[in-house]
Amino acid sequence: MGRPTIVKESFVAAFALSGVLCACASGPHAAQEPTLASSTNATQESGGATHSEAPAIKARPKPPSPESITVKEPGGDAENPEEAALFRQIDEAWGQRNDKDDQLLLPLPDAEHWKRVRYWGVEHFVGFRYGSEHRVLAIGFVQEVPAGTPVTTDTCMRRFEAWGRPQTKPYDVKFGPFQVHHQRWRDQRLEVHTVDGEFSAVFSTTQFSAAWAAYPAYTDGCLIYAVAVPWRDHPELAKQVRDRWVNEAFTQVDPKTPTRAVRQPSP
């Protein structure tokens, strides 16, 4: 899988904190079952009604040539590489990537074109980026729980929020409505949170869509798996990418150890 690189750009750390950590630090959360927020998948009402005012569906842009698609730029030689990369995140099959010590397998669309990285300024277990321009970010957090603490999706989510809240203070974060999705993972209840928002850092404002799930993965610890997608010029595509993760990704997470995974020091 290759050794991770150190990502030192301050905006990346700010985005990771704001898009993933800040988002989970606020409430209240309205419960909602997961739905795919893609207008192209909407079903029409029965009864033969004519939907004359339905918006026209934008034609798909020409995809990049296969040989031009790389880890550095998964959008390849497309006219708009960012748009092309997001479409790949919607269309490509799921694969799995591991941490450097092979203790955890995490689902990623178009898995071979993600790079395992370390995000400077964010305490985490494993991180991935999609493209050098950070088209999408995925981060896994492993947190210890005190002896005797019940390890459930609820306690894991609450502990993660309490840990993340003080780290959000440097950023001017604004949120849209929070949503909670309930799923099943290894025959246990799994809580997934989603939000759209924006934060200010490095003299600019970044809008994003984010989702994260809290796993009772270990006898002595919790696992959080999160995705954050910056909008840039494609807010609807970013939301569709995030929503695909909600519908398809989080139930595929596969911890390989019964006890809490711990990063081993680099040789």
(message) Contact between Arg186 and Pro255 at the side-chain level, heavy atoms closer than 4.5 Å - yes or no?
(response)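 Yes - at least one pair of side-chain heavy atoms lies under 4.5 Å apart.
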(request) Would you indicate whether the side-chain heavy atoms of Cys222 and Val145 approach each other to under 4.5 Å? (result)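 With C-beta onward as the side chain, the pair touches.
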(message) Which residue in the set Thr153, Thr152, Asp154 passes side chain to side chain donor-acceptor pair (under 3.5 Å) when paired with Arg189?
(response)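 Going through the options one by one, the only one that passes is Asp154.
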(request) Would you mind checking if Glu73 and Arg135 are paired as a salt bridge, meaning a charged N to carboxylate O distance below 4.0 Å? (result)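 A salt bridge is present here (some side-chain N lies under 4.0 Å from a carboxylate O).
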(request) May I ask you to say whether Arg263 pairs ionically with Asp101, meaning some side-chain N is under 4.0 Å from a carboxylate O? (result)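 Salt bridge absent between Arg263 and Asp101.
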(message) Please evaluate residues Arg158 and Glu191 with respect to the criterion salt bridge (Lys or Arg N to Asp or Glu O under 4.0 Å), reporting the C-alpha separation (whole Å), side-chain torsions for both, the decisive distance (0.1 Å), and the verdict.
(response) CA-CA 11 Å; Arg158 301 293 89 75; Glu191 189 168 311; 3.2 Å; yes
(request) Sort and list the pairs that fulfil ring pair (Phe, Tyr, Trp, His ring centres under 6.0 Å) and have at least one residue in residues 94-113, not counting sequence neighbours. (result)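 Qualifying pairs, neighbours excluded: Trp94-Trp245.
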(message) Under 6.0 Å between ring centres: does that hold for Tyr215 and Tyr225?
(response)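 Distance test on ring centres: not under 6.0 Å, no.
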(request) Please confirm whether Phe141 and Trp163 have ring centers closer than 6.0 angstrom. (result)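 Yes, close enough.
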If we ignore hydrogens and angles and just use 3.5 Å, is the side chain of [X] paired with the main-chain N or O of [Y] as donor and acceptor?
X: Glu198; Y: Phe208; answer: no
X: Asp110; Y: Glu92; answer: no
X: Gln183; Y: His181; answer: no

(message) Take a 6.0 Å sphere around CD of Gln188 and say whether it holds more than 12 heavy atoms from other residues, nucleotides or ligands.
(response)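 Yes - once you tally the heavy atoms of other residues, nucleotides and ligands closer than 6.0 Å, there are more than 12.
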(message) With a 6.0 Å cut-off (strictly less than), is the heavy-atom count around CD of Glu79, excluding the residue itself, greater than 12?
(response)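 Incorrect, the count does not exceed 12.
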(request) Indicate whether the side chain of Asp220 and that of Thr259 have a donor and an acceptor atom separated by less than 3.5 Å. (result)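 Side chains of Asp220 and Thr259: no pair found under 3.5 Å.
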